Each structure stands twice: as C-alpha cells, then as structure tokens.
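Pasting a structure below so you can have a look.
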Amino acid sequence: MRLILLGPPGAGKGTQAQRLVQRHGIVQLSTGDMLRAAVAAQTPTGLIAKDIMASGGLVPDEVVVGIIADRIEQDDARNGFILDGFPRTVPQAEALDALLTEKKLKLDAVIELRVNESALLARVEKRVAEMLERGESVRADDTPEVLSKRLANYREQTEPLVHHYSDKRKLITIDGMMPIEEVTAEIERVLAAVTKADETARAARRKVASRRAASPSKKASKATKPARARKKAAASKPKRTVKKTTRKAAKKVAKKTVKKAAKKVSKSSRGGRKKAAKVAGNRGNRTLKATAKKGRKATKKVAKKASKAAKRLTKRR
Ligand code: ADP
C-alpha cells in the first residue's frame with residue numbers, strides 16, 4: 001500500500017503514520033525526520049536545510065524530491081510506504097506523480113487530516129512538554145512564532161494539494177479533531193473500502209484476461225471486443241434475418257411499382273397515340289409513330305426512375 005498523509009503541523013500525521021506502519025507492514029517516509037537526520041549528520045543536504053528548517057521555511061523542492069526518489073527505491077519500501085510531510089508543494093506532487101508513473105507504482109490514497117487551526121498551537125505545546133519530560137531535545141521549529149510561519153506555509157503551499165489529489169480521486173479527508181483511536185479507526189475503515197474496491201476491479205480485469213486467453217484464436221477478435229460491442233453484435237444477429245426478409249419485400253414492391261408505372265405510361269402513350277391519330281388526321285402515320293416513340297421513351301424513363309427508387313429503398317433498410 002502506498003499512502004500520503006496530508007495535514008498541517010500538529011495534525012497527528014506522525015502518530016497515525018506509526019500506527020499504519022504497524023498494521024500494514026509498510027515504512028514511514030518522513031521528510032522532516034530525514035532532513036533532521038541530515039542536519040544532525042551535517043551532510044551537504046543537512047547544511048542546506050538547517051537554517052531553513054529552524055526558521056519554519058521550506059527546503060527547496062529539488063532537495064526533498066531527490067531524497068524521496070532515492071528512498072522509495074530501497075528494499076524496505078517495496079512493500080509500500082506512507083509519505084509523511086511530502087509532498088508539501090504542487091511541484092513536489094507533480095514530481096512524485098512522474099516518479100511513480102516512471103516506476104509503475106500506484107498511489108492508493110491521500111489521507112488528509114483536517115484540524116482546527118486554533119487547536120494546533122495547544123497540540124504542539126503539548127508535544128514539546130512531552131518531549132522535555134522524556135528528556136528529548138526539542139525541535140528548533142517548535143516555538144509559537146515558528147509554528148505560525150509553518151502554518152502559513154501549509155495554508156499557502158500545501159493546502160492546494162487537496163485539490164490536486166481530489167482531482168485525481170485519491171483524496172480521503174478525515175476529521176483530525178477526533179480522539180486518536182477514532183481517527184485510526186476511521187483511517188482503517190476508509191482504507192478497507194479502498195482496498196476492496198481495488199480488489200473488485202482487479203478481479204474483473206483478471207476474469208476478462210482469462211476469458212481472452214481461453215478463447216480459440218478464431219474467436220480471438222471476438223473476445224477482444226469490449227463487452228458492449230459484443231452485446232451489440234449479438235443483438236444485431238436476429239435483425240439480419242429480418243433484413244433479408246425486408247430486402248425481399250422491398251424488391252417485390254419495387255417490381256410492382258415499376259410494373260404499375262410502366263402500365264400507366266404505356267396507357268397514356270396509347271391514349272397519346274389515339275389522340276395523335278385523331279389530331280394528325282391528314283398528317284399521316286409519321287406523327288403517330290413519333291408520338292408512340294415518345295410514349296415508349298417515357299415508359300423507359302419512368303421505369304428507370306422507379307427501379308432507382310426501389311434500389312434506394314432496399315439500401316436504406
Ligand atoms: P511538521 O511537524 O511541521 O509537519 P515536519 O517534521 O514534517 O514538520 O518538517 C519539519 C521541517 O522540515 C519543515 O518545516 C520544513 O522546513 C522541512 N520539510 C519537511 N518536509 C519538507 C518538504 N516536503 N518540503 C520542504 N521542506 C520540508
């Protein structure tokens with residue numbers, strides 16, 4: 001499983017990440033922790049990050065993207081990971097998208113822990129007190145002044161990621177104001193739903209693939225057709241018989257029309273002949289013959305027209 005935890009400082013990302021690690025056997029990749037380790041070890045990255053972090057600013061995108069690109073390559077991340085504190089800006093999210101696509105890895109969900117800003121200062125103060133109690137050194141950026149800068153950064157730079165991931169239909173927003181146990185339960189509930197939906201989709205894809213593999217080569221083209229196209233093709237089968245019948249009927253009608261039209265024309269030409277004979281009188285046979293010829297021509301013309309119309313009719317059906 002690959003997850004991102006999104007939320008302002010003090011939202012409870014670290015606490016929930018640890019629980020997810022235990023439950024799902026995946027690693028927590030916290031850029032904050034990694035940068036703090038780099039600062040402590042005084043690595044080149046640590047030297048860049050030290051002052052930026054202490055003042056509540058954001059370490060340059062290329063630095064954190066580089067850290068994450070290396071980290072998700074490592075063996076322990078193969079099973080999955082939770083990104084905590086990364087991505088923190090839109091360019092970081094875009095770089096992560098590209099990285100995951102390149103490595104053919106799928107992001108399962110982005111869990112946003114939503115909290116009231118007014119509750120955050122109290123939470124961070126509590127965290128400081130607990131750290132002091134345990135004898136741990138307190139983070140340089142856990143002061144009220146730096147915290148307000150970190151919050152402002154979150155609002156401006158990180159909150160836009162809510163839209164980035166909701167557009168990708170990956171965002172799950174959880175009320176981070178609930179008690180820790182309830183937040184955990186809610187995260188588990190939504191993750192179970194996401195996993196189930198993925199399994200159903202995967203099973204459906206497997207079914208299609210195995211059906212394709214099982215069908216003989218002759219039917220291969222048929223099997224590769226999407227279900228809707230296959231249904232359509234099947235539905236058109238009985239129609240083909242109907243089509244044949246209609247074609248026959250159309251031919252019949254066309255024949256009849258041609259015959260009728262020819263009869264009508266020959267009748268009129270006969271009438272024409274008679275009329276012509278009457279009118280012609282002395283003019284003799286030549287005019288009569290010419291009128292008869294005209295009549296025959298007209299018959300042919302109408303017959304041709306009727307046959308064309310009949311053809312059109314058959315085609316349309
Ligand atoms: P928070 O408790 O405020 O969420 P983190 O422990 O995640 O803080 O990070 C502490 C500091 O480390 C940040 O204020 C920032 O300076 C730096 N940092 C951590 N992750 C990133 C990141 N993805 N991009 C830039 N800077 C980061």
Side-chain angles (χ1 to χ4, degrees), residues 2-18 20-21 27-72 81-100 107 110-117 119-131 136-162 164-165 174 176 180 183:
R2 290 173 206 94
L3 305 170
I4 292 176
L5 277 175
L6 208 61
K13 296 182 304 263
T15 308
Q16 296 302 332
Q18 277 167 20
L20 284 161
V21 165
V27 286
Q28 174 191 4
L29 307 182
S30 158
T31 40
D33 286 349
M34 290 181 219
L35 288 168
R36 275 186 288 275
V39 172
Q42 297 185 337
T43 65
T45 302
L47 294 178
I48 299 172
K50 192 176 183 223
D51 292 340
I52 302 172
M53 288 173 77
S55 68
L58 287 185
V59 175
D61 288 338
E62 57 273 22
V63 174
V64 279
V65 170
I67 292 176
I68 286 296
D70 287 345
R71 191 59 188 84
I72 61 175
F81 49 75
I82 309 158
L83 294 175
D84 163 12
F86 181 92
R88 242 183 171 92
T89 64
V90 173
Q92 287 180 21
E94 285 166 351
L96 178 66
D97 290 344
L99 211 67
L100 294 178
L107 184 68
V110 177
I111 300 167
E112 180 204 7
L113 296 177
R114 195 164 278 187
V115 285
N116 293 343
E117 262 193 32
L120 294 177
L121 183 62
R123 280 191 181 188
V124 174
E125 277 173 351
K126 194 175 163 217
R127 180 166 79 192
V128 170
E130 283 168 357
M131 283 174 95
E136 291 168 8
S137 54
V138 176
R139 279 170 52 171
D141 57 354
D142 266 352
T143 63
E145 304 77 50
V146 180
L147 180 69
S148 71
K149 184 158 180 212
R150 280 158 57 198
L151 271 176
N153 271 342
Y154 181 81
R155 241 180 280 122
E156 282 161 29
Q157 314 237 51
T158 314
E159 222 160 46
L161 296 188
V162 165
H164 181 85
Y165 288 116
I174 287 177
I180 292 174
V183 174

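Indexing begins at 1, ligand by ligand and atom by atom, following the structure's order. Remember, predicted model here, so these are calculated numbers, not experimental data.
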| Where the closest heavy atom to atom 6 (O) of ligand 1 is concerned, which of M34, K149, R36 has it? |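 Of the listed residues, R36 has the closest heavy atom.
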Indicate every side-chain donor-acceptor pair of residues 49-56 with a distance under 3.5 Å to a residue at least two apart or in another chain.
| unit_1 | atom_1 | unit_2 | atom_2 | d |
| --- | --- | --- | --- | --- |
| S55 | OG | D51 | O | 3.3 |
| S55 | OG | I52 | O | 2.9 |

| query | Should one rank K13, R88, Q157 by closest heavy-atom distance to atom 22 (C) of ligand 1, which comes out on top? | reply | R88
| said: Before you tell me yes or no, could you show the steps for V64 and R88 under side chain to side chain contact (heavy atoms under 4.5 Å, CB included), namely the whole-Å CA-CA distance, both residues' side-chain angles and the distance that decides it to 0.1 Å? | reply: CA-CA 10 Å; V64 279; R88 242 183 171 92; over 6 Å; no
| query | How far is atom 23 (N) of ligand 1 from its nearest protein heavy atom, and which residue and atom name does that atom have? | reply |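 For atom 23 (N) of ligand 1, the nearest protein heavy atom comes out as G85 O, 2.8 Å.
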| At under 4.0 Å between heavy atoms, which part of V59 makes contact with ligand 1: side chain, backbone, both or neither? | both
| Should V59 and T45 be marked as a side chain to side chain contact (heavy atoms under 4.5 Å, CB included) after you check the CA-CA gap, both sets of side-chain angles, and the distance that decides it? | CA-CA 10 Å; V59 175; T45 302; 5.8 Å; no
| query | Got M34 and I68 here, is their nearest side-chain heavy-atom distance under 4.5 Å? | reply |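 In short, these two side chains touch, coming nearer than 4.5 Å.
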| task | Please identify which atoms of ligand 1 are closer than 4.0 Å to at least one heavy atom of R139. | result | 1 (P), 2 (O), 3 (O), 5 (P), 6 (O), 8 (O), 10 (C)
| request: Please name the residue in the list T158, L83, L113, I111 that meets the side-chain contact (heavy atoms from CB on, under 4.5 Å) test with L6. | output: T158
| query | side chain to side chain contact (heavy atoms under 4.5 Å, CB included) between L29 and I82: does it pass, once the steps are laid out? | reply | CA-CA 6 Å; L29 307 182; I82 309 158; over 6 Å; no
| said: Would G57 count as a contact residue for ligand 1, given that I'm defining contact as a non-hydrogen atom of the residue lying under 4.0 Å from a ligand atom? | reply: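 Yes, that is the case, since the closest heavy atom of the residue is under 4.0 Å from the ligand.
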| task | Output the list of atoms in ligand 1 that are nearer than 4.0 Å to some heavy atom of T31, sorted by atom number. | result | 19 (C), 20 (N), 21 (C), 23 (N)
| atom 24 (N) of ligand 1: the protein heavy-atom neighbour that sits closest, reported with distance to 0.1 Å |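 Looking at atom 24 (N) of ligand 1, the protein heavy atom closest to it is Q92 NE2, 3.0 Å.
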| said: Counting non-hydrogen protein atoms only, what is the nearest one to atom 17 (C) of ligand 1? Give residue, atom name and distance. | reply: L35 CD1, 3.7 Å
| field | Close N or O approach (R150, ligand 1; < 3.5 Å) | value | yes
| task | Apply side chain to side chain contact (heavy atoms under 4.5 Å, CB included) to the pair Y165 and L107, showing each step before the final yes or no. | result | CA-CA 10 Å; Y165 288 116; L107 184 68; 3.9 Å; yes
| query | Looking at residues at least two apart in the chain, or sitting in another chain, which of them share a salt bridge (Lys or Arg N to Asp or Glu O under 4.0 Å) with R127? | reply | D142
| query | Who's the nearest protein heavy-atom neighbour of atom 11 (C) of ligand 1, and how far? | reply |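 Looking only at protein heavy atoms, the one closest to atom 11 (C) of ligand 1 is M53 CE, 3.9 Å.
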